[in-house]
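Side chains are part of it too, since the values below use all heavy atoms of this structure and drop only hydrogens, waters and symmetry mates.
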Amino acid sequence: MSHEHVSNTKRIWAVFGLLSVVTTVEVILGIIKPESLHLNHFLGMNLLNWIFIILTVFKAYYIVWAFMHMEGEKPSLRWSVVATVIFLVLYLVFILLVEANYVFEVFKNSTIKWNF
């Protein structure tokens, strides 16, 4: 009973290429800030920020999928990990939006000046 060592070099380069493309898109969008995305708002944030959040979550999911070898696990384990991460990310985004809006309203409607 011998185990054959399988080289994953091609897979690693494919993952590297995909994550590099997504990161490049994020950097380009951050540099040029298209007005159509930056000035349009959806659920309390501009569309550009939503795109950054979605692309970052995609990269995090793909890193877990590829480098933590989740693709080879049983579906129940995959879903327990992915569902937990999705819930936590959505919760953190919700807290971010609610608290940021609260801080903005406090500074906008009071005599306290923006000093940061």
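Clustering ILVMFWY residues whenever any of their side-chain heavy atoms sit less than 4.5 angstrom apart, transitively, puts Leu29 in a cluster other than the one holding Ile54. Using a 4.5 Å cut-off between side-chain heavy atoms of Ile, Leu, Val, Met, Phe, Trp and Tyr, with links allowed through other members, Ile28 and Leu47 fall into different hydrophobic clusters. By the rule that hydrophobic residues join a cluster once side-chain heavy atoms approach within less than 4.5 Å of another member, Phe42 and Leu55 end up as members of one cluster. Leu96 and Leu92 are assigned to two separate hydrophobic clusters, defined by single-linkage of ILVMFWY side chains at heavy-atom distances under 4.5 Å.
The shortest non-hydrogen separation linking Asn46 to Leu37 is CB-O, 3.8 Å. In terms of heavy atoms, Lys33 sits closest to Leu48 at CG-CD2, 3.9 Å.
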Checklist line | Worked verdict on Thr56 versus Glu26 for side chain to side chain contact (heavy atoms under 4.5 Å, CB included) | finding: CA-CA 9 Å; Thr56 303; Glu26 284 180 329; 3.1 Å; yes
Full working for side chain to side chain contact (heavy atoms under 4.5 Å, CB included) between Val15 and Tyr62:
CA-CA 8 Å; Val15 171; Tyr62 203 76; 3.7 Å; yes
Open item on the list: The test is side chain to side chain contact (heavy atoms under 4.5 Å, CB included); show your working for Leu90 and Phe94 and say whether it passes.
Closed with: CA-CA 6 Å; Leu90 290 176; Phe94 170 76; over 6 Å; no
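A distance of 9.5 Å separates CG in Leu88 from OH in Tyr91, rounded to the nearest 0.5 Å. Here the straight-line distance linking atom CZ of Arg78 with atom CE of Met70 works out to 7.5 Å at 0.5 Å rounding. Distance CD/Glu73 to OG/Ser80: 9.5 Å, rounded to 0.5 Å.
The aromatic rings of Trp13 and Phe16 sit perpendicular, their planes meeting at an angle over 60°, well past the 30° parallel limit.
For the pair Leu77 and Pro75, the minimum side-chain heavy-atom distance is 4.5 Å or more. Contact check for Trp50 versus Val93: side-chain heavy atoms found under the 4.5 Å cut-off.
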